[in-house]
Amino acid sequence: MNSIVLFKNNLRINDNPALFHASKSKNKILPVYIYDDIHVKKQLGSASRYWLHNALISLNKSLNFNLSFYRGDTIDVLMKIIKKYEISDIYCEQPFLKNDIILFDQLKLKLSMFNVKFNIYNCTLLWDPQYILKKDNTPYKVFTPYYKKGCLEKIKPDMPLGMPCKFNFVKKNNDSKIDDLKLLDKFRWYDKMDNQWNISENSAEKILDLFLESSIYNYKKGRDFPALNDTSKLSPYIRFGMISLNKIWYALDRLNFDRNIAHYKSELGWREFSYYLLYYFSFMETQNLQTKFDNFNWENSSEKFDAWKKGETGYPIVDAAMKELWETGYMHNRMRMVTASFLVKNLLVDWRLGESWFWDCLLDADYASNIAGWQWTAGTGADAAPYFRIFNPILQGEKFDHEGKYTLKYIPQLKDVPLKYLQKPWEYSSNLDYVNRIVDLKDSRDNALYHYSLIK
DNA sequence: CTGGAATTGTG
DNA sequence: ACAATTCCA
């Protein structure tokens, strides 16, 4: 008999529990990827599909070109393959998002009728949400106690399993090709990404090694400065499971304890917290977690939203960040907070619109982190920035891009503006080659606070 | 002036 | 990839 190893969001060989356990059994393995655009709440964004396409090419190579590609309903596809290849077992990652959990419940039922064993393993999270509860058996809603008491003090993440011992593949009897998944857009906008990222499991490990050798020791401070290179840049690899969280965690543990390392770990903790919140409060995928915000009167001006998307708000740090997103498929973490705050609070645009733009543009767009992050900035989420905390883009720019390097990288037409005026060029000259501000900072701030006062 | 080739712009 | 625009014999 044979086993299917079904790949979903963990496109790696090293420390992949599903693959590891499948390779230990006496069965031969048929590696399968199914691009299922039916059992999803949201279709993958354009940038995500580009990354996925390349990640799958890399995974296929690691599997000696034994990966089969399918498109369509996961259950239908699997039922067909099961008949064709004498399958007795399916190995897969454990789902944590609601849609996948429902799908896997249906699949499990169906498979049991055909005597196929469904083996699932946590390949995605350091802590399985179902085991992390407060003393009163209700879920945490505040990050710090969730992370410290619920996670760190209670359970150690699984030790990495390493590489599978040996592959014994089923002889593939199909000529499925990655191109059949049609992940890439016709217009090759993503060509400009090709020399920015090396999309393979090997590169992910190299990036981790490099990060742990150097910039992590300046992480706590350096992570706030978009012109520095002090963040890990692992996010798209983590999003597609091209590197294992357990492996990262224990690699960090092998370093001497340092507040920088603790801080980086806590950022991994925020990712866990996002999955955790969506696990227990799945309505927050589309609704405000704090329901009092349901009465909030968003302005949702399409002109302002378009200007934000294009990076033409007239505020250099916001525009630089939005251009970084458009041109690179990535945005520095602090800039994500600044641009999101600006959209939601200064432009009064519903966080869901910003969330969908990030979802389309980010190479690392993660379903849980994106939603939880936007709700956090909007002040509608758990343990969120209070609504009245409104980032001031001028001060943020002056504080975190004090040399103007990041701003000028993406808005080079401001290169002749003195540094003192870089974040407020309108005070320097009124005839620069740069857009006018679409809102006044003080007026829009007061307006946001007024709208907020109405729902309290 | 005109039709096809080359170039440009586009997510 | 494709449509719109410009170039040119």
Side-chain angles (χ1 to χ4, degrees), chain A residues 9 11 35-38 40-58 69 71-72 176-199 226 233 235-237 239-240 242 286 300-333 335-336 338-340 342-344 347 349-367 369-371 373-374 377 406-407 409-413 433-435 438:
Chain A
N9 292 308
L11 308 178
Y35 183 66
D36 186 338
D37 51 5
I38 296 157
V40 288
K41 274 250 173 63
K42 253 187 282 198
Q43 298 301 315
L44 285 189
S46 197
S48 299
R49 279 183 280 109
Y50 163 75
W51 191 285
L52 175 61
H53 178 89
N54 290 98
L56 288 171
I57 288 174
S58 167
F69 302 100
R71 192 184 167 116
S176 70
K177 293 182 298 296
I178 177 99
D179 292 334
D180 300 338
L181 303 184
K182 297 198 167 43
L183 295 170
L184 296 178
D185 288 349
K186 297 277 161 64
F187 170 57
R188 300 175 59 90
W189 60 267
Y190 39 79
D191 284 348
K192 64 186 180 223
M193 308 280 178
D194 283 351
N195 47 18
Q196 303 190 48
W197 299 90
N198 223 324
I199 306 178
K233 296 283 182 87
S235 55
Y237 300 95
R239 148 67 179 95
F240 287 97
M242 299 174 78
T286 52
N300 290 343
S301 146
S302 56
E303 288 80 20
K304 288 178 185 165
F305 183 41
D306 284 346
W308 177 82
K309 287 196 282 193
K310 286 189 215 150
E312 292 177 357
T313 68
Y315 289 93
I317 198 74
V318 173
D319 294 345
M322 295 309 293
K323 292 210 147 88
E324 181 190 22
L325 175 61
W326 188 245
E327 284 165 27
T328 70
Y330 182 84
M331 193 196 290
H332 185 274
N333 175 258
M335 296 300 109
R336 296 187 195 202
V338 170
T339 53
F342 190 81
L343 182 74
V344 168
L347 303 184
V349 172
D350 194 322
W351 63 266
R352 281 161 280 223
L353 293 173
E355 190 266 330
S356 67
W357 183 247
F358 274 24
W359 177 253
D360 193 43
C361 296
L362 281 170
L363 295 169
D364 65 23
D366 180 280
Y367 192 75
S369 298
N370 198 37
I371 289 167
W374 272 91
T377 342
Y406 176 80
T407 304
K409 182 173 180 191
Y410 294 104
I411 323 274
Q413 69 265 38
D433 173 28
Y434 186 55
V435 287
I438 55 169

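The analysis underlying the following values was restricted to heavy atoms, covering all of them including side chains, and did not include hydrogens, waters or symmetry mates. A note on names: the letters A, B, ... follow the listed sequences, proteins ahead of strands, and every chain is numbered from 1.
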Using whole Å, what does the distance between atom C1' of nucleotide dG11(B) and atom CG of L44(A) come to? 16 Å
Does K233(A) make a cation-pi contact with Y330(A) (under 6.0 Å, within 45 degrees of the axis)? yes
In whole Å, what is the span from the CH2 atom of W51(A) to the P atom of dG11(B)? 23 Å
Listing request: all salt bridge (Lys or Arg N to Asp or Glu O under 4.0 Å) pairs with a residue in residues 41-53 of chain A, at least two apart in sequence or in separate chains. K41(A)-E285(A), K42(A)-E355(A), R49(A)-D185(A)
To the nearest Å, give me how far apart CD (E327(A)) and P (dT10(B)) are. 13 Å
What pairs with D179(A) under side-chain hydrogen bond (donor to acceptor under 3.5 Å, both in side chains), at least two apart in sequence or on another chain? none
Go through the structure and list residues passing side-chain hydrogen bond (donor to acceptor under 3.5 Å, both in side chains) with N54(A), not counting sequence neighbours. none
Please list, by residue number, the residues of residues 185-192 of chain A whose heavy atoms come closer than 4.0 Å to an atom of DNA chain B; answer none if no residue qualifies. F187(A), W189(A), K192(A)
What residues form a side-chain hydrogen bond (donor to acceptor under 3.5 Å, both in side chains) with S48(A), not counting sequence neighbours? none
Not counting sequence neighbours, list each pair that qualifies as a salt bridge (Lys or Arg N to Asp or Glu O under 4.0 Å) and has a residue in residues 300-316 of chain A. E299(A)-K304(A), D306(A)-K309(A)
note: L184(A), atom CG; dC2(C), atom C1'; distance rounded to Å ~ 17 Å
